[in-house]
Amino acid sequence: MADVTITLPDGTKRIAAPGTTLQAFAGELKLPFKPVAAELDGLAVDLSAPIAADCCVSFIRPDSEPGLDIIRHSTSHVMAQAVQELYPGVKVTIGPSIEDGFYYDFDYDGTFSPEDLEKIEKKMEEIAGRNLPFVRRELPKQEAIDFFNKLGEKYKVEIISEIPADTVSLYVQGEFTDLCRGPHVPATGMIKSFKLISTAGAYWRGDERNKMLQRIYGTAFADKKALKEHLARIEEAKKRDHRRLGKELDLFSIYDEAGAGLIVYHPKGALVRRILEDFEVRQHLKRGYDMVKGPQILKLDLWERSGHLQNYLENMYFTEVEGKKYGLKPMNCLAHMLIYRSRLRSYKDLPLRYFELGTVNRHEKSGVLHGLTRVREFTQDDAHILCMPEQLHGEISDIITFVKDVMAMFGFEFEVELSTRPAKSIGDDQSWDLATAALREALESNGLAYDVNEGDGAFYGPKIDFKLRDCLKRSWQCATIQCDFILPERFDLTYIGEDGGKHRPVMLHRVILGSIERFMGILIEHFAGAFPVWLSPVQAVVIPISDAQHEFAQQVLESLRGNDLRAGIDLRNESLNLKIREAQLQKTPFMLVVGNKEIEQGGVAVRLRSGENLGFMPLQAAVQKIKDTCANELQGM
RNA sequence: GCCAGCGUAGCUCAGUGGUAGAGCAGCUGAUUCGUAAUCAGCAGGUCGUCAGUUCAAUCCUGACCGCUGGCUCCA
């Protein structure tokens with residue numbers, strides 16, 4: 001048989017005998033790394049695969065993204081083997097690699113304790129030590145089903161039954177066989193740097209009606225050093241956790257006595273929040289929104305009419321006044337629709353943009369609450385835009401620009417998702433299609449990359465979500481734009497068109513920051529507590545060196561406040577070093593030190609929280625410096 | 001809501017079947033200081049709540065409340 005020609009990534013060509021395995025071929029190449037698998041004509045395959053014909057081959061580095069993915073996936077198989085060796089009778093389900101690690105879900109009647117994880121880890125090391133090859137087997141579906149049936153692995157049987165192909169692939173390592181697409185590392189000996197992280201309950205197929213399985217999370221890397229660095233990074237990230245910083249910076253707290261998921265703002269947290277809200281009001285007025293304000297409770301009939309009672313009941317709180325039932329608002333839209341309906345509207349009035357910093361209450365399941373990012377009472381920077389269908393595209397575009405501008409100013413990166421009609425929803429197909437198309441077009445004309453989330457829309461319409469990540473890479477929805485043809489109909493909202501006839505407006509629900517609470521949480525983590533100066537609760541602290549400068553320091557403080565700066569003063573009988581240290585730990589942007597020298601020259605010595613010492617500045621110059629910094633941060637918004 | 005772990009002083013955390021400790025913070029006094037912790041003394045807790053087991057529970061058991069990590073859900 002004729003030799004085959006292999007093209008390498010750099011374009012060079014090699015000749016090999018047909019049937020040469022990739023592993024053997026890699027050996028000839030003297031690669032500077034130990035490959036975990038290869039790409040054969042763009043398809044990831046095992047190194048044990050033979051080269052049958054002319055092809056392009058590139059080898060996958062263990063420290064590359066696809067390489068780590070394969071290592072983690074193989075590690076999950078090793079973990080499954082370890083678990084089955086230690087706990088006979090445990091059924092395996094699925095065990096994929098995920099961002100930064102992997103997990104495997106087991107059907108086990110007991111639970112895994114931290115001590116169990118240690119045992120499993122030891123067993124995994126033992127299996128790695130056996131250096132068992134990962135052997136790929138392909139067999140007809142029915143044979144695979146019979147095979148797993150014999151083992152009693154009913155979950156595997158269920159999965160195979162749903163695979164459309166005629167044959168499936170299995171991977172065998174020693175006594176352990178798992179259904180798997182592959183590829184895998186050549187042998188368990190390549191699994192060296194891993195750690196089991198945590199356990200969790202997880203519903204089979206993610207459905208809470210199904211049995212809860214026992215999930216074990218772990219992570220794996222190409223080498224021990226990378227693993228150690230990863231674990232250190234997580235520790236480092238925890239230091240900027242907003243729950244921790246919220247306490248350290250005395251911003252807010254949550255009290256058992258008051259209730260779970262309810263935020264109590266301390267002076268500095270309340271101030272930051274207020275500054276954010278002021279910023280929002282300015283931005284909305286600038287962009288043609290009108291401020292409105294609805295009540296916290298509205299009669300039950302209204303919630304029934306809007307569809308909330310049918311679709312949002314389990315998230316709502318109710319109360320009764322003089323025999324009349326009321327619902328505490330979980331959303332702000334109702335009052336906004338009433339305002340629209342309060343008089344006859346002309347097409348010349350549209351679009352109408354109603355903006356409200358609306359505080360809503362939602363009953364969230366206890367297990368989902370999380371610091372500021374998932375709470376039971378929060379304030380949305382909510383707006384409802386009522387417009388003609390032909391204005392929809394422009395309005396959505398403007399909102400997207402609004403979101404982009406605000407996120408850019410804070411320095412956030414975000415991900416975008418388009419969510420379509422869910423099972424539990426109201427309205428006809430035509431309206432849903434129209435609304436979904438409008439959102440899609442606006443995204444595309446703005447050149448935003450997005451993922452589609454089928455069936456994840458609100459019950460009244462499809463939506464675009466903008467997601468930010470917290471310090472531990474968890475993704476949180478902040479801005480959202482929801483298109484709604486349904487509520488205007490339910491509330492019989494109309495406008496008089498050019499033709500003198502009645503027409504139905506379209507409604508957009510949208511938020512920019514989302515919830516002020518959640519956004520603050522993300523902000524705290526993003527800046528590690530060192531807020532931009534314009535947002536800092538204390539922009540400058542005056543620090544006299546000793547009692548002798550107290551009077552002058554007070555004058556400096558008054559002057560700062562007179563210039564609309566948020567300033568504090570540290571008059572404690574403590575050393576300069578201590579005061580500097582504490583101001584630093586509080587992330588105060590400007591420390592204005594006052595000693596006798598400064599009094600003589602009528603100014604302050606300026607130190608930044610970066611540690612940089614700017615030295616003496618006349619007081620007015622320091623004030624101007626702070627103001628300039630703020631203006632610069634706000635980028636003219 | 002479900003699975004697991006946790007709940008000890010204001011905070012961070014030790015600890016034990018015979019009712020508890022450290023550091024920081026706090027208070028008092030001394031010190032009056034030049035850019036990340038001055039020194040000394042004092043005080044501080046029905047060990048999340050409620051039941052149960054026990055001669056005896058902060059420790060063991062159960063329920064509840066809350067927190068943490070996930071799952072489902074969601075801004």
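Just so it is clear, the structure is predicted and the values come from calculations on it, not from any experiment. Scope of the values below: all heavy atoms of this structure, side chains included, with no hydrogens, waters or symmetry mates. Within every chain, numbering begins at 1; the chains are lettered A, B, ... in the order of the sequence lines, protein sequences first and strands thereafter.
- Taking the charged nitrogens against the carboxylate oxygens, Lys329(A) and Glu356(A) do have a contact shorter than 4.0 Å, which makes a salt bridge.
- A salt bridge does not link Asp100(A) to Arg233(A): none of the charged nitrogens lies less than 4.0 Å from a carboxylate oxygen.
- Distance check on atom P: G69(B) versus C27(B) gives 33 Å, rounded to whole Å.
- The interatomic distance linking Asp547(A) (CG) with A30(B) (P) rounds to 12 Å, in whole Å.
- If you take OH of Tyr255(A) and C1' of G48(B), they are 16 Å apart, rounded to a whole angstrom.
- Taking atom C1' on both nucleotides, G5(B) is separated from C73(B) by 22 Å, rounded to a whole Å.
- With P as the reference atom, A20(B) and U49(B) are 16 Å apart, rounded to whole Å.
- Leu578(A) comes within 4.0 angstrom of the backbone, heavy atoms only, and of no base.
- RNA chain B is contacted by both Arg572(A) and Gly611(A); Arg572(A) maps to the nucleotide lying nearer its 5′ end (nearest heavy atom per residue).
- Among the protein residues, Glu257(A) comes within range of no part of the nucleic acid, since none of its heavy atoms lies under 4.0 Å from any strand.
- The P atoms of G26(B) and U72(B) are separated by 45 Å, rounded to the nearest whole Å.
- Nucleotides U35(B) and U19(B) are separated by 49 Å at their C1' atoms, to the nearest Å.
- Toward the 5' end of RNA chain B, the nearer of the two residues Glu598(A) and Lys247(A), judged by each one's closest nucleotide, is Lys247(A).
- The separation between Leu262(A) atom CG and C65(B) atom P is 15 Å, rounded to whole Å.
- Between Arg607(A) and A36(B) there is a side-chain polar atom (N or O) within less than 4.0 angstrom of OP1 or OP2.
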Step by step, would you call Leu249(A) with Lys268(A) a side-chain contact (heavy atoms from CB on, under 4.5 Å)? CA-CA 8 Å; Leu249(A) 303 180; Lys268(A) 282 195 260 180; 5.6 Å; no
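- Computed from coordinates, the Ile263(A) CD1 to G66(B) P distance equals 14 Å when rounded to whole Å.
- If you check every strand for non-hydrogen atoms under 4.0 Å, Ala605(A) touches a base.
- When the P atom is used for both G48(B) and A57(B), the distance is 15 Å, rounded to whole Å.
- Residue contacts for Lys597(A): at a heavy-atom cut-off of 4.0 Å it reaches a base atom on one of the strands shown.
- Comparing the C1' positions of A9(B) and U58(B) gives a spacing of 14 Å, expressed to the nearest Å.
- Put simply, the residue from Leu571(A), Leu560(A), Asp570(A) that forms a side chain to side chain contact (heavy atoms under 4.5 Å, CB included) with Val542(A) is Leu560(A).
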The contact string for nucleotides 67-75 of chain B, one letter per nucleotide 5' to 3', using protein heavy atoms under 4.0 Å with B, S and - for base, sugar-phosphate only and none, comes out as SSBBBBBBB
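- No hydrogens or angles were tested; on distance alone, nothing pairs the side chain of Glu314(A) with the base of G1(B) as donor and acceptor under 3.5 Å.
- Between Asp207(A) and Arg209(A), at least one side-chain N (NZ, or NE/NH1/NH2) sits under 4.0 Å from a carboxylate O, which counts as a salt bridge.
- Separating the P atom of G7(B) from that of U12(B) is a span of 13 Å, rounded to the nearest Å.
- Shown are Leu439(A), Leu448(A), Asp465(A), Ile481(A); of these, the side chain to side chain contact (heavy atoms under 4.5 Å, CB included) with Leu418(A) is made only by Leu439(A).
- When rounded to the nearest whole Å, the span between CD of Gln601(A) and P of G34(B) equals 17 Å.
- In RNA chain B, the stems built from three or more successive Watson-Crick or G-U pairs (distances below 3.5 Å) are B:1-7 with B:65-71, B:10-13 with B:21-24, B:26-30 with B:38-42, B:48-52 with B:60-64.
- Using a 4.0 Å heavy-atom distance criterion, Glu574(A) is classed as a base contact.
- Salt-bridge check for Asp107(A) with Lys211(A): passed, with a basic side-chain N closer than 4.0 Å to an acidic carboxylate O.
- Atom C1' of nucleotide U35(B) and atom CD1 of Ile580(A) are separated by 4 Å, given to the nearest angstrom.
- Aromatic ring pairs are classed by plane angle as parallel below 30°, tilted from 30° to 60° and perpendicular above 60°; the pair Tyr312(A) and His308(A) is perpendicular.
- Listed by chain and number, the residues in a side chain to side chain donor-acceptor pair (under 3.5 Å) with Arg581(A) amount to none (sequence neighbours excluded).
- Here Glu118(A) does not pair with Lys122(A) in a salt bridge; the nearest charged N to carboxylate O distance is not below 4.0 Å.
- In this structure, Arg362(A) does not pair ionically with Glu517(A), as no charged nitrogen and carboxylate oxygen lie closer than 4.0 Å.
- Residue contacts shown for Asn577(A) are limited to sugar-phosphate atoms, with no base heavy atom under 4.0 Å away.
- Whole-Å rounding puts the Lys587(A) NZ to A36(B) P distance at 16 Å.
- Taking atom CG of residue Asp570(A) and atom P of nucleotide U35(B), one finds them 16 Å apart after rounding to whole Å.
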